[in-house]
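Below: the structure, in structure tokens.
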Amino acid sequence: MVFRSYMSDALEEARLAGARGEVPVGAVVVAPDGSVVARAGNRTRELSDPTAHAETLAIRAACAAAGSERLTGYDLYVTLEPCPMCAAVISFARIGRLYYGASDPKSGGVAQGPRVFSHSQCHHVPEVYDGIAAPEAERMLREFFASRR
């Protein structure tokens with residue numbers, strides 16, 4: 001089987017989130033058969049919901065489509081290292097593989113900060129691949145925050 005990255009889809013969701021005035025983070029959930037089953041960008045401001053991060057919204061939609069709270073064998077592509085909340089959601093959903101772009105030294109929860117997947121209380125640890133299209137994700141975030149200063 002040939003690997004295909006879906007990070008370009010996640011980056012498109014991040015661009016759309018940025019255009020809505022949200023922090024430009026995008027996520028895509030891919031089923032074991034390679035089909036994109038959910039996609040989302042941040043919507044915390046739009047929905048007045050601090051949990052409306054791209055990863056969480058995409059996982060919610062994928063679970064609804066699958067009719068299950070578990071997404072065993074599914075992949076998640078996200079443009080920014082998930083925060084601790086999203087890392088916990090990824091674990092609870094039993095996502096098989098996590099691919100992310102930019103590292104998040106301030107708020108990350110995978111390779112930075114609390115490193116959620118390394119705790120013994122973590123229910124499930126996905127395979128993690130970082131740095132996927134990181135320069136583009138980082139540029140998008142830098143430009144977004146520079147325009148706010």
Side-chain angles (χ1 to χ4, degrees), residues 1-20 22-44 49-145:
M1 183 173 173
V2 175
F3 173 76
R4 177 183 183 257
S5 175
Y6 293 81
M7 190 57 79
S8 61
D9 297 84
L11 287 163
E12 179 58 26
E13 289 299 321
R15 279 189 273 289
L16 293 170
R20 293 191 303 272
E22 300 279 356
V23 174
V25 177
V28 174
V29 178
V30 180
D33 68 3
S35 62
V36 173
V37 294
R39 50 192 317 138
N42 276 356
R43 292 187 179 275
T44 58
D49 179 356
T51 70
H53 292 195
E55 307 92 300
T56 298
L57 293 173
I59 289 171
R60 286 177 186 162
C63 285
S68 174
E69 78 282 9
R70 301 223 172 137
L71 298 171
T72 305
Y74 286 65
D75 296 341
L76 174 66
Y77 288 81
V78 61
T79 58
L80 181 64
E81 176 184 353
C83 71
M85 175 188 72
C86 291
V89 171
I90 290 163
S91 176
F92 294 146
R94 308 301 197 269
I95 293 288
R97 284 168 299 279
L98 165 64
Y99 301 90
Y100 71 85
S103 293
D104 189 352
K106 182 178 176 189
S107 301
V110 176
Q112 315 285 327
R115 297 183 172 127
V116 171
F117 300 139
S118 68
H119 289 270
S120 60
Q121 298 92 342
C122 185
H123 295 282
H124 167 78
V125 178
E127 293 176 33
V128 178
Y129 303 92
D130 62 353
I132 312 297
E136 186 172 354
E138 291 165 357
R139 180 189 52 74
M140 203 179 309
L141 288 159
R142 258 192 325 277
E143 289 174 0
F144 176 82
F145 287 112

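Below, all heavy atoms of this structure are taken into account, side chains as well, without hydrogens, waters or symmetry copies.
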Would you check if the side chain of [X] reaches a backbone N or O of [Y] as a donor-acceptor pair within less than 3.5 Å?
{"X": "His124", "Y": "Thr72", "value": "no"}
{"X": "Arg39", "Y": "Gly26", "value": "no"}
{"X": "Glu81", "Y": "Asp104", "value": "yes"}
{"X": "Asn42", "Y": "Ala54", "value": "yes"}
{"X": "Ser68", "Y": "Arg70", "value": "yes"}

Nearest-0.5 Å distance that lies between atom [atom1] in [X] and atom [atom2] in [Y]:
{"X": "His53", "Y": "Leu80", "atom1": "NE2", "atom2": "CG", "answer": "10.0 Å"}
{"X": "Thr79", "Y": "Glu12", "atom1": "OG1", "atom2": "CD", "answer": "11.5 Å"}
{"X": "Ile90", "Y": "Ile95", "atom1": "CD1", "atom2": "CD1", "answer": "7.0 Å"}
{"X": "Arg94", "Y": "His123", "atom1": "CZ", "atom2": "NE2", "answer": "6.5 Å"}
{"X": "Phe92", "Y": "Cys63", "atom1": "CZ", "atom2": "SG", "answer": "12.5 Å"}

Would you name the heavy atoms of [X] and [Y] that are closest together and state the gap between them?
{"X": "Glu13", "Y": "Gly41", "answer": "OE1-N, 3.7 Å"}
{"X": "Phe144", "Y": "Gly18", "answer": "CE1-O, 4.3 Å"}
{"X": "Ala38", "Y": "Ala58", "answer": "CB-O, 3.3 Å"}
{"X": "Ser107", "Y": "Pro84", "answer": "O-CD, 3.3 Å"}
{"X": "Ala134", "Y": "Gly101", "answer": "CB-O, 3.6 Å"}
{"X": "Ala87", "Y": "Phe117", "answer": "O-CE2, 3.3 Å"}

Query raised in the report: Do Asp33 and Ser35 have side-chain atoms, one donor and one acceptor, less than 3.5 Å apart?
Result: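 Ser35 and Asp33 do have a side-chain donor-acceptor pair below 3.5 Å.
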
Query - Heavy-atom side-chain contact between Thr44 and Pro50 under 4.5 Å - result: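 SC-SC contact between Thr44 and Pro50 ruled out.
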
Query raised in the report: Hey, are the side chains of Tyr77 and Asp9 touching, using non-hydrogen atoms and a 4.5 Å cut-off?
Result: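 Not touching, per the 4.5 Å side-chain cut-off.
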
Query raised in the report: Of the options Val116, Leu98, Val78, which is the one that meets Val110 in a side chain to side chain contact (heavy atoms under 4.5 Å, CB included)?
Result: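 Answer after filtering Val116, Leu98, Val78: Leu98.
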
Requested in this report: Let me know which of Val89, Leu71, Ile59, Val28 forms a side chain to side chain contact (heavy atoms under 4.5 Å, CB included) with Leu76.
Outcome: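 When side chain to side chain contact (heavy atoms under 4.5 Å, CB included) is applied between Leu76 and each of Val89, Leu71, Ile59, Val28, only Ile59 qualifies.
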
Requested in this report: Test Arg15 against every option in Glu136, Glu143, Glu22 by the salt bridge (charged side-chain N to carboxylate O under 4.0 Å, His left out) rule and name the one that passes.
Outcome: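 The option that passes is Glu136.
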
Requested in this report: Compute the ring centroids of Tyr129 and Phe3, then answer whether they are less than 6.0 Å apart.
Outcome: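 They do not qualify: ring centres at least 6.0 Å apart.
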
